[in-house]
There are 2 protein chains.
Amino acid sequence: MTDTIEQKCLLKGVKLTDQRRLIAKVMSEASDHPDVDELYKRVSKIDPKISIATVYRTVKLFEESGILTKHEFKGGKARYEELNEGHHDHLIDVKSGEIIEFVDEEIEELQKKVAEKHGYTLVDHKLELYGVKKNLNK
Amino acid sequence: MTDTIEQKCLLKGVKLTDQRRLIAKVMSEASDHPDVDELYKRVSKIDPKISIATVYRTVKLFEESGILTKHEFKGGKARYEELNEGHHDHLIDVKSGEIIEFVDEEIEELQKKVAEKHGYTLVDHKLELYGVKKNLNK
DNA sequence: AAAATTAATGATATTGATTATCGATTTTTT
DNA sequence: AAAAAATCGATAATCAATATCATTAATTTT
Ligand SMILES: [Mn+2]
Ligand SMILES: [Mn+2]
Ligand SMILES: [Zn+2]
Ligand SMILES: [Zn+2]
């Protein structure tokens, strides 16, 4: 594990309130990719007074500060996860919805090359793989 | 060029009405990736009586029939294009919004490999590159 | 070919996620 | 401590997309 979101906020000068700190903590502890409703549920368990508006505001703030990243997977609502130094992409099980993270340096390199070939500098990319589990027993 | 959308409908047994035929024609002639509002504008010029509801219904029908494909690029509304045999991905100019199509067989292969490595069969994928134009005169 | 049935359309209401507003509360600055 | 600024909770507004429903068009049955 790396820096906690709270520490990142300190570092980046993002002011923390009790509500933000709680959202930060819950997101730091999450190992999945919760959407806002799910996140709201989790923080509500600890602070039942928190407003869904604050959750929306805070993930947006954190995203704009480069602390969280937002995913818009096929057809669903926006999901969030902590942004750490190691970039990764996602393989999504179309049956179960399970999300597997992966990195493929070769693909990353080729993406840059494609952009260059067209006269562009790559500034961002989105790679999502959708798959079905293979039958392992023969 | 390949088959027209109207012909594809015939082939796939998708019933055509005047409105659907018009939407099919406009989409077949499009070389870009219009969203529903833009498409509605284009067909309205020819048939001012057409309803936006019909446009929404028809792109959905065509998509479910494998005739159109829907793109959900970052932050915007859904965009559509005709689905032809040759698959391609997109490089988006973040300044101008211009969309460049590309195919990279190497990336395509590697994606399959990544899925396999995790015990999955790749059934779909989304690859979007976001770039800024390079300064060519240097 | 007329009647009955089914499908598609246009207009509009509804939904669902997200953003905006606004008065109240908390925090920071004078 | 008063004034100003920031954040909050509650809720209204927005926006894309879907659902509803009465009307019109197409298809099937008599
Ligand atoms: Mn992830
Ligand atoms: Mn395209
Ligand atoms: Zn990547
Ligand atoms: Zn591809």
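- Between A/Ile52 atom CD1 and C/dG16 atom C1' the separation is 12 Å, expressed in whole Å.
- Under the 3.5 Å distance criterion, the side-chain polar atoms of A/Tyr80 are left unmatched by any main-chain donor or acceptor of A/Leu39.
- Two residues, B/Ala53 and B/Arg20, neighbour DNA chain C, and the one matched to the more 5' nucleotide by heavy-atom proximity is B/Arg20.
- Put simply, CD on A/Glu64 is 13 Å from C1' on C/dT18, counting in whole angstrom units.
- In this entry the distance linking CG of B/Leu16 with C1' of D/dT27 reads 16 Å, nearest Å.
- With A/Thr4 contributing its side chain and A/Gln7 its backbone, the two residues share no donor-acceptor pair below 3.5 Å.
- Between A/Ala78 and B/Ile50, the residue whose closest nucleotide on DNA chain C is further toward the 5' end is B/Ile50.
- For the OP1/OP2 pair of D/dA17 and a distance below 4.0 Å, the side-chain nitrogens and oxygens of B/Tyr56 include at least one atom meeting the criterion.
- Atoms NZ (A/Lys49) and C1' (C/dT26) sit 15 Å apart, rounded to a whole Å.
- When the nearest nucleotides of DNA chain D are assigned to B/Asp18 and B/Gly76 by heavy-atom distance, the more 5′-ward of the two goes with B/Gly76.
- Distances from the side chain of B/Lys15 to the nucleotides C/dA8, D/dG9, D/dA17 place C/dA8 closest.
- Look at B/Gln19 and you'll find a side-chain N or O under 4.0 angstrom from OP1 or OP2 of C/dG10.
- Straight-line distance from the CG atom of B/Asp37 to the P atom of D/dC15: 11 Å, rounded to whole Å.
- The distance between atom CD of B/Glu38 and atom C1' of D/dA17, rounded to the nearest whole Å, is 18 Å.
- For B/Thr17, no side-chain nitrogen or oxygen approaches OP1 or OP2 of C/dA8 to under 4.0 Å.
- Counting to the nearest Å, the C1' atom of D/dA17 and the CZ atom of B/Arg79 are 17 Å from each other.
- Taking atom OH on A/Tyr40 and atom P on C/dA17, their separation rounds to 14 Å, with Å as the unit.
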- Item | CA sep, side-chain torsions, deciding dist, call: A/Phe73, A/His71, ring pair (Phe, Tyr, Trp, His ring centres under 6.0 Å) | CA-CA 6 Å; A/Phe73 298 136; A/His71 300 295; 5.2 Å; yes
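- In this structure, the side chain of B/Asn84 does not engage the main chain of B/Gly86 through any donor-acceptor pair within 3.5 Å.
- Partner of B/Arg42 under the salt bridge (Lys or Arg N to Asp or Glu O under 4.0 Å) criterion, chosen from B/Asp35, B/Asp37, B/Asp32: B/Asp32.
- Contacts of A/Arg57 with the nucleic acid, taken as non-hydrogen atoms under 4.0 Å apart, include base atoms.
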